[in-house]
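First comes the structure, then the notes that go with it.
Lettering of chains follows the sequences in order, A, B, ..., and the numbering in each one begins at 1. Worth saying up front: this structure is predicted, and the values here are computed from it rather than measured.
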Amino acid sequence: MKKSSGENKLPVVDDSKHYSFFQNVWDVVRQIPKGRVTTYGAIATYLGTKSSARMVGWAMNASFIVQPKVPAQRVVNRNGMLSGKAHFATPTLMEELLQKEGIQVKDEKIINFKEVFWDPIVELG
DNA sequence: AGTATGACTCATT
DNA sequence: AAATGAGCCATAC
């Protein structure tokens, strides 16, 4: 990889092996159907790095700078809670986007989480 | 260069 | 059931 620190503050997206994990995460997230959600851990497990759920969170944090757009609001923690809402443009944006897609949210938590859960391991094989 | 901190999750108290 | 420790590893300082 080239250097990622120094003058470049934002994650550098190139074809190096180092950043392929982030790109894989974004590819999976883009395939989440509207009205469905998945979790950081499910994505990490699907990519074969089961214990790197935190890195999926970092990928979401960086997802705002890439194109095409990544529906980061469809990724929540394993309890169906909107743990990442604070990182959106406004504190309520994540919840608004989800509700606009037909997902019921109450107290920062998805109501019928189990029913709208989309598992990449099952759906993508 | 070393320490701290997470958009996490699991196992162990 | 709630708290704690441990992996994880890219960034921030």
Side-chain angles (χ1 to χ4, degrees):
Chain A
M1 73 182 241
K2 317 262 180 181
K3 61 179 183 176
S4 61
S5 58
E7 307 198 349
N8 279 328
K9 292 292 189 178
L10 297 175
V12 177
V13 180
D14 55 28
D15 55 331
S16 71
K17 204 190 301 183
H18 182 77
Y19 283 105
S20 63
F21 175 76
F22 283 66
Q23 295 186 338
N24 288 337
V25 171
W26 298 330
D27 285 341
V28 172
V29 175
R30 290 193 191 100
Q31 295 178 67
I32 303 173
K34 182 179 177 184
R36 306 288 298 281
V37 298
T38 193
T39 69
Y40 305 97
I43 295 172
T45 301
Y46 171 71
L47 294 178
T49 55
K50 177 181 167 187
S51 53
S52 293
R54 296 187 108 134
M55 295 304 99
V56 176
W58 273 109
M60 291 302 95
N61 188 49
S63 71
F64 292 106
I65 68 161
V66 301
Q67 303 296 335
K69 181 176 173 296
V70 176
Q73 76 274 13
R74 297 181 190 150
V75 185
V76 299
N77 75 1
R78 74 179 187 102
N79 298 315
M81 308 201 325
L82 279 52
S83 50
K85 64 178 294 184
H87 296 267
F88 283 74
T90 69
T92 57
L93 181 57
M94 184 177 189
E95 180 174 335
E96 290 172 2
L97 289 172
L98 287 174
Q99 295 193 340
K100 194 181 299 181
E101 296 178 356
I103 294 178
Q104 307 288 341
V105 178
K106 167 132 180 137
D107 294 331
E108 304 186 1
K109 185 179 172 192
I110 295 176
I111 300 294
N112 50 345
F113 174 60
K114 188 173 183 179
E115 297 169 21
V116 297
F117 176 61
W118 181 86
D119 190 345
I121 298 175
V122 174
E123 308 291 343
L124 301 180

**OP:** Report which part of the nucleic acid A:Asn61 touches: base, sugar-phosphate, or nothing (heavy-atom distance under 4.0 Å, all strands).
**Re:** base
Subject >> Approximate separation, where rounding is to 0.5 Å, of A:Asp107 CG and A:Glu95 CD >> reply: 9.0 Å
**OP:** Under 4.0 Å from any atom of DNA chain C, heavy atoms only: list the residues of residues 30-49 of chain A that qualify, in numerical order.
**Re:** none
Original post:
Can you find a pair of side-chain heavy atoms, one from A:Ile110 and one from A:Leu82, that are under 4.5 Å apart?
Top reply: yes
Subject >> Spacing of A:Lys100 atom NZ and A:Lys34 atom NZ [to the nearest 0.5 Å] >> reply: 9.0 Å
Original post:
What are the bounds, 5' to 3', of the part of DNA chain B that sits under 4.0 Å from heavy atoms of chain A?
Top reply: B:dG6 to B:dC10
Original post:
For A:Arg54, which contact category applies under a 4.0 Å heavy-atom criterion: base, sugar-phosphate, or nothing?
Top reply: base
**OP:** With rounding to the nearest 0.5 Å, note down the distance linking CZ in A:Phe22 to CH2 in A:Trp58.
**Re:** 8.5 Å
Subject >> Donor on one side chain, acceptor on other, A:Glu96 and A:Gln73, under 3.5 Å >> reply: no
Original post:
Taking atom P of C:dA10 as reference, at what distance in whole Å does atom NE2 of A:His87 sit?
Top reply: 18 Å
Original post:
Rounded to the nearest 0.5 Å, how far does OG1 of A:Thr49 lie from CZ of A:Phe21?
Top reply: 4.0 Å
**OP:** Return the minimal non-hydrogen interatomic distance between A:Phe113 and A:Asn77, and the atom names on each side.
**Re:** CZ-O, 4.1 Å
Original post:
Contacts to DNA chain C from residues 93-116 of chain A, heavy-atom cutoff under 4.0 Å, which residues?
Top reply: none
Original post:
Hey, are the side chains of A:Ser83 and A:Val76 touching, using non-hydrogen atoms and a 4.5 Å cut-off?
Top reply: no
Subject >> C:dA6 and B:dA4, which share atom name P, separated by this distance in whole Å >> reply: 15 Å
Original post:
P atom, B:dA7 versus C:dA2: distance in rounded Å?
Top reply: 23 Å
Original post:
Would the number of heavy atoms belonging to other residues, nucleotides or ligands and lying under 6.0 Å from CD of A:Gln99 be above 12?
Top reply: yes
Original post:
Which is true for A:Ala72 with a 4.0 Å heavy-atom rule: it touches a base, it touches only sugar-phosphate, or it touches nothing?
Top reply: base
**OP:** Find the distance between CE (A:Met60) and CZ (A:Phe88) and round it off to the nearest 0.5 Å.
**Re:** 9.0 Å
**OP:** Drop me the distance from A:Arg74's CZ to A:Thr39's OG1, to the nearest 0.5 angstrom.
**Re:** 15.5 Å
